[in-house]
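The structure that follows is given in the form of structure tokens.
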Amino acid sequence: MIARIKAGPVAGEISVPSSKSHTIRALIIATLAGGRSYIRNPLLSEDCKAAMRIAGQFGSTVTAEEGCWIVDGPANGLVTPDDVVNVDNSGTTLYFMTSVAALLPDWTVFTGDRSIRRRPVKPLLDALAVLGAQSEITRSNCDCAPFVIRGPIHGGAVKVPCTTSQYISSLMIAAPLCQGDTRIMTDNPMETPYLNMTIKWLREAGVQVNFDEREYRWFEIAGGQSYKAFDRVMPSDWSSVAFPTVAGLVPGSRMVINNMDFNDTQGDAAVIDHLIRMGADIQKDRENGRLVIAGGNRLHGIGMDLINTPDALSILCVAGCMAEGTTVLHNVAGARLKETDRVAVMTDALSRMGADISATENTITIHGGRRLRGCELKSHDDHRIAMALTVAALFAEGETSVTEAECASVTFPGFYDRLLSCGAEIELQ
């Protein structure tokens, strides 16, 4: 699908989908818990549908009802999938279920789409090998899926790089079900809000976790524990909130985003604070659980540290283009390891639109204040690239086209419908 977008303001009230990060954790922990769990207000995205299907491959029965997924975990414990585990585009599912598969004595085969087959998995496989797993990657010149793995893993001390928090979260999720205690160590903790999210899920499901609460350099989990079934409501996704929020900053716009949880642990809630520091007219209505956004203020450039919020990179690049002066995004290297190298892709795309933007390995610098111009752009089948470029187009002269725009449904089903309902001029072909 090609999205053709014309510049202009947006106005209206919307809600955003629930959290992918919470929904996938809920599905996996419900599978490990056994018994019956209720996941209310789940995210109905492609990534979460893949996680739901894969939970079934490991023995769960997932019943989808209106506004609720009912998960009956395998009564007799996990089963080894009898077919290849294809995670499609879900890196979270790939990494988390790799450690789950390592709890089992038989081989599990993992693969995914083209993007997944370029995302490094070897650091996680190496860590699992220290704990007793065996694995093989099918391509000698590549550290990515497809690969096979079997366990069972046991407790022990293991060190893992934190180029993505998902390596550590994956190990933490499996560790309570191992024999023996596990100590996970890292030298360079990143994306710590996501580590907090995993720890909170474990503790609320009855698992004890000790960790370095100051620097996040170690995590200790006793073996022989068990998960408890649960009944939980999934909160709205702050990662998705960022896109309509920046759309609401286009001059002449006014947006209200409803059903927000200001107490949730999602790291991308910090994006709103970044935008406010840039001068954005954004009101946090905590009493009514909503954001009120107006596009009247001129933004100014600032410095931002994205070490804990790499998923915000694409839309903050757009905000930097809308701002007067210089915006510098620091610690962006983690975004190079997502569905695409988002540093390179956003730098190239916004340059094509006329932005003064440049990048090093770990920074992006934007000299803003100039109007973007419409052109033909590729999403590279990356949902956050597609949505960010669509928002950039609202601020650009002329018409912009974005290819493979349907990939927005990976985390934000109905993204284009919501913008259309707010008056955006978008034609979908």
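Index from 1, following the sequence. These values consider heavy atoms only, across backbone and side chains, with no hydrogens, waters or symmetry-generated copies.
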Does Glu191 reach the main-chain N or O of Ser165 with its side chain, forming a donor-acceptor pair under 3.5 Å?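 The answer is yes, because a donor-acceptor pair under 3.5 Å joins these two groups.
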
Take Lys228 and Glu204 through the salt bridge (Lys or Arg N to Asp or Glu O under 4.0 Å) test and state the conclusion after the steps. CA-CA 8 Å; Lys228 297 177 182 177; Glu204 291 184 359; over 6 Å; no

Look up atom OG in Ser351 and atom CD1 in Ile357, then write down how far apart they are to the nearest 0.5 Å.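 Nearest 0.5 Å value for the OG-CD1 distance: 6.0 Å.
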
Assess the side chains of Glu339 and Ser115: does a donor N or O sit below 3.5 Å from an acceptor N or O?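 Side-chain D/A pair, Glu339 to Ser115: absent.
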
Give the C-alpha distance, both sets of side-chain angles, the deciding distance and a yes or no for side-chain contact (heavy atoms from CB on, under 4.5 Å) between Asn308 and Tyr194. CA-CA 8 Å; Asn308 290 325; Tyr194 289 102; over 6 Å; no

Any donor-acceptor pair under 3.5 Å from Asn362 side chain to Ala333 backbone: yes

Could you check if a side-chain atom of Val246 sits within less than 4.5 angstrom of a side-chain atom of Leu275, using non-hydrogen atoms only? yes

For Asn331 and Asp305, does a side-chain donor sit closer than 3.5 Å to a side-chain acceptor?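 Result is yes, a qualifying pair exists.
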
Should Ile364 and Val328 be marked as a side-chain contact (heavy atoms from CB on, under 4.5 Å) after you check the CA-CA gap, both sets of side-chain angles, and the distance that decides it? CA-CA 6 Å; Ile364 294 178; Val328 182; over 6 Å; no

Any side-chain heavy atom of Met97 within less than 4.5 Å of one from Gln57?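 Answer no - side chains too far apart.
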
Do you see a donor-acceptor pair shorter than 3.5 Å between the side chains of His274 and Arg277? yes

Kindly indicate, with the supporting measurements, whether the criterion side-chain contact (heavy atoms from CB on, under 4.5 Å) is fulfilled by Cys144 and Arg139. CA-CA 8 Å; Cys144 313; Arg139 293 173 288 170; 4.0 Å; yes

Answer yes or no: is there an ion pair linking Asp273 with Lys284, defined by an N-O contact shorter than 4.0 Å? yes

Does one side chain, of Asn86 or Thr111, offer a donor that lies under 3.5 Å from an acceptor on the other?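 The answer is no; no qualifying pair exists.
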
Which salt bridge (charged side-chain N to carboxylate O under 4.0 Å, His left out) pairs, counting each pair once, include a residue from residues 257-268, with sequence neighbours left out? none

Would Tyr167 and Tyr95 count as a close aromatic pair, with their ring centres under 6.0 Å?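 Yes - the distance between ring centres of Tyr167 and Tyr95 falls below the 6.0 Å cut-off.
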
Any luck finding a side-chain donor-acceptor pair between His367 and Thr326 under 3.5 Å? yes

Salt bridge or not for Arg4 and Glu425, using N-O below 4.0 Å? no

Close side-chain approach of Pro74 to Thr31, heavy-atom, < 4.5 Å: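 Side-chain contact under 4.5 Å: yes.
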
Determine, stepwise, if the pair Met260 / Arg286 fulfils side-chain contact (heavy atoms from CB on, under 4.5 Å). CA-CA 8 Å; Met260 300 309 308; Arg286 296 178 182 275; over 6 Å; no

For Cys321, the option from Leu350, Leu299, Thr327, Leu316 that meets side chain to side chain contact (heavy atoms under 4.5 Å, CB included):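 For Cys321, the side chain to side chain contact (heavy atoms under 4.5 Å, CB included) check succeeds only for Leu350.
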
Side-chain contact test, heavy atoms from C-beta onward, threshold under 4.5 Å: evaluate it for Val109 versus Val85 and give yes or no.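 The answer is no, as the side chains (C-beta and beyond) never meet within the 4.5 Å cut-off.
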
Does Ser19 reach the side chain of Met234, with side-chain heavy atoms less than 4.5 Å apart?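 No; the side chains remain at least 4.5 Å from each other.
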
So, Arg232 side chain and Ala26 main chain: donor-acceptor pair closer than 3.5 Å or not? no

Over 12 foreign heavy atoms within 6.0 Å of CD, Gln429: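 Counting other residues, nucleotides and ligands, CD of Gln429 exceeds 12 neighbours.
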
Closest heavy-atom pair, Pro123 versus Val160, reported as atoms and distance to 0.1 Å, is O-CG2, 4.2 Å

Would the distance check show the side chain of Ser90 and the main-chain N or O of Val87 forming a donor-acceptor pair, the cut-off being under 3.5 Å?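 Side chain of Ser90 to backbone of Val87: no pair is present.
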
Indicate yes or no for a side-chain donor-acceptor contact from Thr347 to the backbone of Val343 under 3.5 Å, with no hydrogens or angles considered.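 Side chain of Thr347 to backbone of Val343, a donor-acceptor pair under 3.5 Å: yes, one is there.
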
Please say which of Ile293, Val292, Asp285 ends up in a side chain to side chain contact (heavy atoms under 4.5 Å, CB included) with Ile257. Ile293

Do Trp201 and Tyr227 make the cut of ring centroids closer than 6.0 angstrom? no

Side chains of Gln166 and Thr92: any donor to acceptor distance under 3.5 Å?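 Note: Thr92 and Gln166 side chains meet the donor-acceptor criterion.
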
Closest heavy-atom contact between Val10 and Ala424?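 That closest heavy-atom pairing would be CG1-CB, 3.8 Å.
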
Among pairs that include at least one residue of residues 388-397, which meet side-chain hydrogen bond (donor to acceptor under 3.5 Å, both in side chains), considering only residues two or more places apart or in two chains?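 Residue pairs with at least one partner in residues 388-397: Thr390-Tyr416.
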
Quick one: does Asp88's side chain have a donor or acceptor within less than 3.5 Å of a partner on Ala50's backbone? no

Once you measure the plane-to-plane angle for Phe219 and Phe211, does it fall in the parallel (<30°), tilted (30-60°) or perpendicular (>60°) bin?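 Aromatic pair Phe219/Phe211 classed parallel.
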
Would you find more than 12 non-hydrogen atoms of other residues, nucleotides or ligands less than 6.0 Å from Asn288 atom CG?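 Enclosed.
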
Determine, stepwise, if the pair Asp113 / Asn89 fulfils side chain to side chain donor-acceptor pair (under 3.5 Å). CA-CA 6 Å; Asp113 69 3; Asn89 189 246; 2.8 Å; yes

Pairs involving residues 372-382, ordered by first then second residue, that meet side-chain hydrogen bond (donor to acceptor under 3.5 Å, both in side chains) (sequence neighbours left out): Thr340-Asp382, Arg342-Asp382

Here the salt bridge (charged side-chain N to carboxylate O under 4.0 Å, His left out) pairs for residues 34-50, sequence neighbours left out, are Lys20-Asp47, Arg36-Asp72, Arg40-Asp231, Glu46-Lys49

Where at least one partner belongs to residues 400-411, residue pairs that pass side-chain hydrogen bond (donor to acceptor under 3.5 Å, both in side chains), sequence neighbours excluded: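 Sorted pair list: His383-Thr411.
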
Rounded distance [0.5 Å steps], CE in Met255 versus OG1 in Thr245: 7.5 Å

Measuring from Ile70:CD1 to Ile39:CD1, what's the distance to the nearest 0.5 Å?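 Answer for the CD1-CD1 pair, Ile70 versus Ile39, is 10.5 Å.
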
Within 6.0 Å of CZ in Arg118, more than 12 heavy atoms from elsewhere: yes

Counting C-beta onward and ignoring hydrogens, is there a side-chain heavy-atom pair between Met353 and Leu377 closer than 4.5 Å?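 They are in contact (side-chain heavy atoms under 4.5 Å apart), so the answer is yes.
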
Does this structure show an ion pair linking Asp212 with Arg217, if we count only N-O contacts that are shorter than 4.0 Å?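 Result for this pair is no, no salt bridge flagged.
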
Mind checking the CZ-OG1 spacing from Arg203 to Thr198? Nearest 0.5 Å is all I need.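 Interatomic distance, Arg203 CZ to Thr198 OG1, rounded to 0.5 Å: 12.0 Å.
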
4.5 Å side-chain heavy-atom contact, Phe58 and Pro81: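 Result yes, sub-4.5 Å side-chain heavy-atom pair found.
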
Could you check whether atom CZ of Arg117 has more than 12 heavy atoms from other residues, nucleotides or ligands sitting under 6.0 Å from it? yes

In Å, rounded to the nearest 0.5 Å, how long is the span from CG of Leu195 to CD1 of Ile168? 5.5 Å

Roughly how far, to the nearest 0.5 Å, is CE of Met52 from CG of Leu43? 11.0 Å

Are the side chains of Met346 and Leu313 in touch, meaning some heavy atoms are under 4.5 Å apart?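 In short, these two side chains touch, coming nearer than 4.5 Å.
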
What residues form a ring-ring contact (aromatic ring centres under 6.0 Å, His included) with Phe110, not counting sequence neighbours?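 Testing Phe110 for ring-ring contact (aromatic ring centres under 6.0 Å, His included), a comparison that skips the adjacent residues, returns Phe147.
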
